[in-house]
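Reading through the structure tokens given below for one structure.
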Amino acid sequence: MRKDKLKIGIYELTGCAGDALLILDCEDELINIFHAADIQSFLMAKSDNIDGELDVALVEGSVSTEKDLKELLDIRKRSKVLVAMGICATLGGPQAAFLDPKEWEHNLKQVYGQTEMTHTKPLHSKPLDAYVKVDYCLPGCPIDREQFLSTLTRLLAGHPPELHRFPVCVECKWRENDCLLNRGLCCLGPLTAAGCRAVCPSHNLPCVGCWGPAEEANRSAEYQLLLEKGFDREMILRKMASFSGTRFAEFAARFRGEKK
Amino acid sequence: MKTISINHLARVEGAGGVTATIDGQVVTEVKFLINEGPRLFERLTIGMTPEEDLNLVPRICAICTLSHRYAALRGLEKALKVKVPAKVTLLRELMHLGEMIESHSLHIYLLALPDYLGYPNAIAMASKYGFEAKVGLEMKQFGNHIMKTMSGRFVHGENPSLGGFGRLPTREELVFIKNRAVQFLPFALKTVQLMCELPYPDIPESDTLYVCCHPAEGRFGFMGDEIILSNGDLIDAQEYKKVANEFIVAHSYCKRSHYKGKPYSVGALARVNNLGERLGGEAGRAFKKYFNDRWKKNPLFNNAAQALEVLYSFERIPQVIDEGLQLPDPEPVARGRESGKGVGAVEAPRGLLFHAYDISAGRITQTDIVTPTAQNAEDIERYCFIAAQTLLKKGEEDKIRDRMDLVIRAFDPCISCSAHMVQVNQAPDGDWKNRLRQLASEGEPAFVGLGREDRSDDAAGLELARLLRERGAKDVRLAPEMEEGSGPADSGRPLVFIDAVDFGDKPGKICLLPLRHVLWNATLSHRLAGLTGLPFDADRLLDAHLLGIQPASIAEGRRISAEVRSALDGICEFLSS
């Protein structure tokens, strides 16, 4: 049994490391994870890390530098299954919200001036699947611990993970919350992938969309609805874009086009 | 030349590492690198409503997520004249104490303590120090519990909002936290005893300036409207730029800060140094017992200071909750205005954090965020340098790597400095051949010979260029022949300069290195003054390489030494094969 343990690596590219931290926060289960799988690399938790062949690589963060890219290509080459964790890895993260490369470059200059960065070249932030094949995506900012544990368990048992395919609204109804849209708040629940157990609406706060877009979200309908409720058009688009990364590009282009 | 590098500090608000370069008896360079890519959060907030900003900015860092949210709240509320009810202030303090406990206990027990007890990591330490590892983990879990109760999630909880909370914690939740905090007190006391009685090494020791928030009413605490410096200066937080004057260094996307041209330190040690006299209760007694002058100049005492703060936090929680429970639940608060400026200053576990906002008609027009690690970066490099240079002078070169590791971890730049991925890099003999081969795989290199004909071995670059030409190499130039606009046409090919370079090694030693390394290094760069007149733009130069040959002499004369001559022959032979 022991020698058949799956070899697993956990890696961080550019992001806040919240997903790796969340794995670390599974204190009680962590020992079991370390027993059930052979954790080859997890910089945040251990020191004797090995960069070898892997059965499963879990990668968080976006590709935002050449160094990130090099590391990702290397991880892909060594791994049978690659799982993107969190919205930076799955969608490019908040840092991908500048959709136009020119706009991104302008803002990079605003922050870092003319200084030539010598250590590693910056790249316009992109999700992992812009460069390599990604087998499974765990959405969330950060990921949810139950979803992480169930995904890992299924992978360990040789099954594909089962992820939620509905929006936050469904979870919100399960919890019998009052609908915040009806209360006149700018809630993105109908557009956003479920898995957080509708944590914000359950705290009387509108969903900000931090799990990224739900699979079959009807953006146009929500956009019209929010416009009718009197919200500012730019704010609606910006809120939709904030955590949707590159996935928002097509929709945004259509609306920007209409504006002109 | 030798390089000691700590490659994967892993998380320093992203990935980071430290490199020290040792050349004979001199530490020529220490670099604290943060490999995190640019995320441009400050720019992303422009045009946003304050609420959107609150959704976004805590995502800067998962470890200090609530400190970021707290600083943003304070900055935005100041700008919008939001009057925060007393109960909300107390509950925010509670959430902040939770983050302090979580971060400090993780750092003390699981990251720093294994160093001092001589174990490679916490798991190895747990076999003999199971009790300590267990206490650390339980304390961390309790900190997490407070954070989740107050913010809604372990990481990036959205509950604390402008003027209040989306949902207030229930009485039962608060009483549970209070009772648990009281139960932890004996363990907090033990933590202080353990961390304050460790035999901290006396290298590195050097005076610095300590900077932290100045809480009101003569109290100890983790936020304030003023900043206090260890030289006695008090600065209004709204004028934070007097302290945190950010500038950029080319080797990191993390900005740096100086106060009046000098590096300074922030964090637990800064707070205890500046405000320790204000500690009461058991924490006050412990401060009087353990504090001494070494705390003022030795960054390793940050670990002791963190332990004092853990004790303070556990003593403070019951007070905060008792006070809070006596106050009525606050009503939602309205904004006093839609335009204005405001700076929020709080203490993140690892030090002073600023969020500064300009708001016009309800939209953010300017954001400036200064993180603790950005402020500590200069002192981290400086103390690493002092440690490396002092140990080298004492003939204890073998200790340099571990000591630098200890210094960096003491600063607690972020949690996964748990990774002890320290490497001492020493290149194998004739490594230039491997590197040149690798370079040639990107395209056939173009060579440019540099040097001075009348300075003995300094003519090596020019001589080699001539030799290569004689052997039929095509793209070879001599700097003196080149004019503006005559650079190699194909800019996609690797560009290699050839020159005599004083590495401080034996004559004839050959090194191939990125030109940017030489341009960074003041002791080598003056030798390359000849580059400035050449027709290459900055990008091309930064991507170029230098094939350097150690000269025996660069005295006036036209004789190339036997050692250098033989090196040139070796290069010619390698290139023609």
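Order of the sequence lines sets the chain letters (A, B, ...), proteins ahead of strands, with each chain counted from 1. Only a predicted model underlies this, so the values are computations on that prediction, with no experimental measurement involved.
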Could you pull out the closest heavy-atom pair between [X] and [Y], with the gap in Å?
X	Y	value
B/G166	A/N204	O-ND2, 3.0 Å
A/V199	B/G152	CG2-O, 3.4 Å
B/A62	A/L21	O-CD2, 3.7 Å
B/M48	A/S242	CE-OG, 3.5 Å
B/C61	A/C16	CA-CB, 3.8 Å

**Request:** Could you check B/K148, B/Q141, B/K140 and say which one makes a side chain to side chain donor-acceptor pair (under 3.5 Å) with A/D25?
**Result:** B/K140
Chain B heavy atoms under 4.5 Å from [X]: which part of the residue, side chain, backbone, both or neither?
X	answer
A/C186	neither
A/C141	both
A/D232	side chain
A/S62	neither

**NZ (A/K70) with more than 12 external heavy atoms under 6.0 Å** = no
**Asked** Most heavy-atom pairs under 4.5 angstrom with chain B, which of A/P94, A/G93, A/G209?
**Response** A/P94
What's the separation between atom [atom1] in [X] and atom [atom2] in [Y], rounded to the nearest 0.5 Å?
X	Y	atom1	atom2	result
B/L56	A/Q95	CG	CD	9.5 Å
A/H203	B/S161	NE2	OG	10.0 Å
A/L24	B/F154	CG	CZ	12.0 Å

**Fill in**
Note: vs chain A, highest number of non-hydrogen pairs under 4.5 angstrom among B/R153, B/E158, B/E102 is B/R153
**Prompt:** Taking the side chain as C-beta and beyond, is there a heavy-atom pair between A/C210 and B/H156 under 4.5 Å?
**Reply:** no
**Pairwise side-chain contact, B/R59 with A/C88, heavy-atom cut-off 4.5 Å (strictly under)** = no
**Asked** Under 3.5 Å, is there a donor-acceptor pair between the side chain of B/N55 and the main chain of A/V208?
**Response** no
**Request:** State plainly whether the residues B/E52 and A/R238 are in salt-bridge range, i.e. N to O under 4.0 Å.
**Result:** yes
**Message:** Please classify the contact between B/F165 and chain A as side chain, backbone, both or neither, with a heavy-atom cut-off of under 4.5 Å.
**Reply:** neither
